[in-house]
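What follows is one structure encoded as structure tokens, with my remarks underneath.
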Amino acid sequence: MALDFVYIEDLAQLEGTTGTLKGWLYNKRGSKGLYFLIVRDGTGLVQCVVNQEEVDAASWDAADAATQESALAVTGRIVKDERQVGGFEVQATHVELISQAEDYPITPKEHGVEFLMDRRHLWLRSRRQWAILRVRNRIIMSIHEFFQEQGFVQMDAPILTGNAVEGTTTLFGIDYFGEPAYLTQSGQLHGEAMAMAMGKIYTFGPTFRAEKSKTRRHLTEFWMIEPEMAFYDLAMNMDLAEAFLVRIATDALRDCQTELEVIGRDTAPLEKVKSPFPRLSYSEAVDLLRSDETTAMLNAREAALQDEQQQLTDERDANQKAYGQAKKWRKRQIDAREIEINKRLSEVEEALRNIPQWRESAKNFEWGSDFGGSDETVLTWHFDRPIIVHRYPAVVKAFYMKRDPDDDRLALGMDVLAPEGYGEIIGGGERATDLQFLKDQIAAHGLPESAFEWYLDLRRYGSVPHAGFGLGLERTVTWICGIDHVRETIPFPRLLGRLKP
RNA sequence: UGCAUGGUAGCUCAAUGGCAGAGCGCCCGGCUGUUAACCGGGAUGUUGCAGGUUCGAGUCCUGCCCGUGCAGCCA
């Protein structure tokens, strides 16, 4: 197919030729007789130079009239210029205004979260969002490639279900022709059925949780990848999860250099995502949490934060003192810096408020409870790569988990915790195979056995050892991108109190 | 749901209980290589809502609404 225009990502192959770009105006600078149009087309950014002496009057008028996010077609010579974004520049010979944008609300300056979230449909055009969502795309491709190359069959679990797997409080209920139904919370039970048909499968679909959680880690609608493998035990499951994450990180580092740079991701921590991952049993993790080593580490972090707080406060005071005599450009610089300082200071203050509680929570952690968010964060601070925690107390895990044959109090579950405080991105384990054990567990969890008859059939007809896990896509993208909130990792996030746009 | 924190110009944010301000954006003018360009000028306000204290409230008090984060729960 021959296109009558070229894409910015292909400019390197087109150096020295003349081509037409079609895109939107990202930013504009100018002086007398000269405009610099920064154009985006979805594949990248490029600067187009419009010189009044080298274009016709209509082209000059078009460049003059173009406002932010106006649609443009720019024809010109493609030249290399290391100084420019993307390394190339287009010297325009013709400019056409395809459509003029009204006042675009998102300027190249800073905006608040609520303002941007209300305009998410436009925010997607910003460079940082472009980069994050391209990393998401790369990760999705890595996931499919990883499983497909190993003979896994992708199978979708239903989104409408009648099964309440872990209690109905976190399920979105709907009316299914007069019958109660729910939006799925996990495809796992159906995944098990499909694994008994195909051997190795993975699901890739949306899941819904009606948790009233307003945190940087929670969405009410998110995408989950759930592999399920017949004849896999817990150790094989952990090996697979580890290889899987190494693949995702390696691919992103190799293929998303530009995107990670735009986001400002320090890639050094990602370079360390290599096998083997540290593996701790739950009991070992509890010992580590309670240890003097953990207390010392938290003390050191606290001291570092206090130093930073002092430095920032000093800098702000010095700036305020200098403000009176400062030149205009310097005042502007100080204003911008003050906003940065205040933002960081409130983060530091928050952390300083939290650390004493975290230290107490870790020191007094009791064997038998589940880890809180802070405990997970504290654990991961001890390591430079993802860690796997396995063999949890059965009481804190789901009914379908297999018990540890060596210790009946334990379930053969495992979680993978991402480094840098990103926390749980994978949860899974080996599934119970015994029919009577499952019936007892369903009863013990207060679940209606009738709803699980089909699931119990899997144990009646050729029950085999099997295992699997679930990966939260958005949490994984958040970690790989090194950003602080899941809401930027999905095109249209669904959060508590947010259903639009 | 509990705790913390915030709501001031279109946006991001300042303002000891004492004349509501800056930068950006917008409009006008200048500038032939800018990098969130720069320089000069201009317009822009129901300080979230409702009460209260006070000579005087953006600031203090009470209630409500909305945002953000943390906890619980989880991927």
Side-chain angles (χ1 to χ4, degrees), chain A residues 26-38 45 47 49-54 67-68 81 83-85 89 91 102-119 127 166-167 169-170 185-186 188 207-226 320 323 328-329 331-340 342-343 346-347 349-351 353-354 357-358 361 370-374 376-377 396 398 415-418 422-428 469-479 484-487 495-498:
Chain A
Y26 191 75
N27 200 2
K28 179 164 93 171
R29 288 181 285 270
S31 53
K32 190 177 185 185
L34 198 60
Y35 273 122
F36 301 97
L37 308 178
I38 312 298
L45 291 176
Q47 171 165 286
V49 185
V50 185
N51 189 325
Q52 192 168 14
E53 289 173 4
E54 289 172 26
T67 49
Q68 194 187 354
D81 191 333
R83 293 169 303 177
Q84 308 309 335
V85 57
E89 180 177 275
Q91 293 171 341
E102 298 173 24
D103 274 355
Y104 188 69
I106 302 178
T107 64
K109 294 282 177 181
E110 276 201 27
H111 299 283
V113 172
E114 189 184 8
F115 180 84
L116 291 169
M117 286 291 284
D118 285 342
R119 292 158 185 81
R127 206 160 171 230
E166 290 161 23
T169 51
T170 61
Q185 210 174 24
S186 160
Q188 191 208 302
T207 49
F208 307 87
R209 305 266 169 103
E211 292 162 1
K212 292 212 163 79
S213 304
K214 291 185 86 154
T215 80
R216 61 182 68 198
R217 307 190 305 282
H218 288 84
L219 294 163
T220 54
E221 174 184 293
F222 65 96
W223 289 70
M224 193 149 67
I225 295 86
E226 296 181 282
Q320 275 167 3
Y323 197 81
K328 189 171 181 183
W329 67 270
K331 282 187 176 170
R332 205 174 290 175
Q333 222 174 26
I334 290 174
D335 287 339
R337 180 63 186 152
E338 173 146 0
I339 291 170
E340 265 175 50
N342 286 345
K343 191 182 262 179
S346 61
E347 282 170 18
E349 279 160 20
E350 165 107 43
R353 270 199 304 276
N354 284 335
Q357 293 163 31
W358 292 14
S361 167
D370 205 353
F371 297 126
S374 72
E376 283 180 357
T377 301
V396 302
D415 287 345
V416 182
L417 308 181
Y422 282 99
E424 186 177 347
I425 52 172
I426 281 180
F469 59 84
L471 172 86
L473 178 63
E474 288 76 16
R475 284 191 182 175
T476 303
V477 178
T478 305
W479 162 52
D484 64 12
H485 204 297
V486 286
R487 67 183 155 226
L495 299 149
L496 190 60
R498 164 83 48 195

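What you see below is based on every heavy atom in this structure, not just the backbone, and it leaves out hydrogens, waters and symmetry mates.
Using a distance-only test at 3.5 Å, with no hydrogens or angles considered, a donor-acceptor pair links the side chain of A/Thr207 to the main chain of A/Phe222.
One atom, OH of A/Tyr35, and another, C1' of B/rC38, lie 14 Å apart when rounded to the nearest Å. Atom pair A/Phe371:CZ and B/rC74:C1' shows a separation of 15 Å (rounding to whole Å applied). Rounding to whole angstrom units, NZ of residue A/Lys214 and C1' of B/rC3 are separated by 14 Å. Rounded to whole Å, the distance from CG on A/Leu496 to C1' on B/rG69 is 13 Å. Counting to the nearest Å, the P atom of B/rC31 and the CG atom of A/Asn51 are 15 Å from each other. If you take CD of A/Glu102 and P of B/rG10, they are 18 Å apart, rounded to a whole angstrom. A straight line from NZ of A/Lys28 to P of B/rG25 spans 13 Å, rounded to a whole angstrom. Taking atom NZ on A/Lys212 and atom C1' on B/rC70, their separation rounds to 18 Å, with Å as the unit.
Using C1' as the reference atom, B/rC61 and B/rU53 are 7 Å apart when rounded to the nearest Å. For B/rG69 and B/rU46, the P atoms lie 28 Å apart once the distance is rounded to whole Å. When the P atom is compared between B/rG72 and B/rG45, the two are found 47 Å apart, to the nearest whole Å. Atom name P, nucleotides B/rA4 and B/rG63: the rounded distance is 13 Å, in whole Å. Comparing the same atom, C1', in B/rA50 and in B/rG7 gives a spacing of 16 Å after rounding to whole Å. Comparing the same atom, C1', in B/rC28 and in B/rA20 gives a spacing of 26 Å after rounding to whole Å. Separating the C1' atom of B/rA9 from that of B/rG23 is a span of 12 Å, rounded to the nearest Å. A gap of 28 Å separates the P atoms of B/rU12 and B/rG51, to the nearest Å.
Contacts of A/Glu474 classified as salt bridge (Lys or Arg N to Asp or Glu O under 4.0 Å), with partners at least two apart in sequence or in another chain: A/Arg136. Annotation: side-chain hydrogen bond (donor to acceptor under 3.5 Å, both in side chains) contacts of A/Ser213 (sequence neighbours excluded): none. Partners of A/Trp223 under the ring pair (Phe, Tyr, Trp, His ring centres under 6.0 Å) rule, at least two apart in sequence or in another chain, do not exist in this structure. Listed by chain and number, the residues in a salt bridge (Lys or Arg N to Asp or Glu O under 4.0 Å) with A/Asp484 amount to none (sequence neighbours excluded). For A/Thr478, the side chain to side chain contact (heavy atoms under 4.5 Å, CB included) partners two or more places apart in sequence, or in a different chain, are A/Tyr422, A/Ile483, A/Val486, A/Thr489. For A/Gln91, the side chain to side chain contact (heavy atoms under 4.5 Å, CB included) partners are A/Arg77, A/Val79, A/Glu89, not counting sequence neighbours. Residues satisfying the ring pair (Phe, Tyr, Trp, His ring centres under 6.0 Å) criterion with A/Tyr35, sequence neighbours excluded, are A/Trp60. With sequence neighbours left out, the side chain to side chain contact (heavy atoms under 4.5 Å, CB included) criterion links A/Leu34 to A/Ser31, A/Phe36, A/Val49, A/Asn51.
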Give each protein N/O atom lying under 3.5 Å from an N/O atom of nucleotides 44-49 of chain B, with the pair distance.
none

Restricting to nitrogen or oxygen on both sides, can you table the protein-nucleotides 11-13 of chain B pairs closer than 3.5 Å?
residue: B/rC11; atom: O2'; partner: A/Glu110; partner atom: O; Å: 3.1
residue: B/rC11; atom: O2'; partner: A/His111; partner atom: ND1; Å: 2.6
residue: B/rU12; atom: OP1; partner: A/Gly112; partner atom: N; Å: 2.7
residue: B/rU12; atom: O4'; partner: A/Glu110; partner atom: O; Å: 3.4

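In the model, A/Gln185 has a side-chain atom that pairs as donor or acceptor with a side-chain atom of A/Thr170 under 3.5 Å. Side chains of A/Gln68 and A/Thr107: no donor on one and acceptor on the other come within 3.5 Å.
B/rG33 has no stacking from A/Phe36 on its base ring, since the centres under 5.5 angstrom apart and planes within 30 degrees of parallel are not both found.
A/Gln84 comes within contact range of at least one nucleobase, with a heavy-atom separation under 4.0 Å. At a threshold of 4.0 angstrom between heavy atoms, the contacts of A/Gly372 are confined to the sugar-phosphate backbone, with no base atom among them. Among the protein residues, A/Arg216 comes within range of the sugar-phosphate backbone only, with heavy atoms under 4.0 Å from sugar or phosphate atoms but none that close to a base. Within the 4.0 angstrom heavy-atom criterion, only backbone atoms of the sugar-phosphate kind lie near A/Asn27; the bases stay farther away. Among the atoms of the strands shown, base atoms are found under 4.0 Å from some heavy atom of A/Gln47. No engagement by A/Ile106 is indicated, since no non-hydrogen atom pair under 4.0 Å with the nucleic acid exists. Within 4.0 Å (heavy atoms only), A/Glu54 reaches no atom of the nucleic acid at all. A/Asp415 comes within 4.0 angstrom of no nucleic acid atom, judged by non-hydrogen atoms across all strands.
A heavy-atom distance below 4.5 Å is found between the side chains of A/Leu219 and A/Leu495. Inter-residue side-chain proximity for A/Met224 and A/Gln188 is flagged as unmet; no heavy-atom pair is nearer than 4.5 Å.
Out of B/rA75, B/rG67, B/rG72, the shortest distance to the side chain of A/Thr215 is found at B/rG72. For A/Ser213, whose side chain is taken as the heavy atoms from C-beta onward, the closest listed nucleotide among B/rG72, B/rC74, B/rU32 is B/rG72.
Of the two residues contacting RNA chain B, namely A/Thr220 and A/Arg29, the nearest-nucleotide position lying further toward the 5' end is that of A/Arg29.
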Mind listing the side-chain donor-acceptor pairs of residues 112-119 of chain A below 3.5 Å, one per line with the distance, residues two or more places apart or on another chain?
residue: A/Asp118; atom: OD1; partner: A/Arg498; partner atom: NH1; Å: 2.8
residue: A/Asp118; atom: OD1; partner: A/Arg498; partner atom: NH2; Å: 3.2
residue: A/Arg119; atom: NH1; partner: A/Phe115; partner atom: O; Å: 2.9

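Secondary-structure stems of RNA chain B, taken as three or more successive Watson-Crick or G-U wobble pairs (i with j, i+1 with j-1) under a 3.5 Å distance threshold, comprise B:1-7 with B:65-71, B:10-13 with B:21-24, B:26-30 with B:38-42, B:48-52 with B:60-64.
For B/rG69, one of the phosphate oxygens OP1 or OP2 lies less than 4.0 angstrom from a side-chain nitrogen or oxygen of A/His485.
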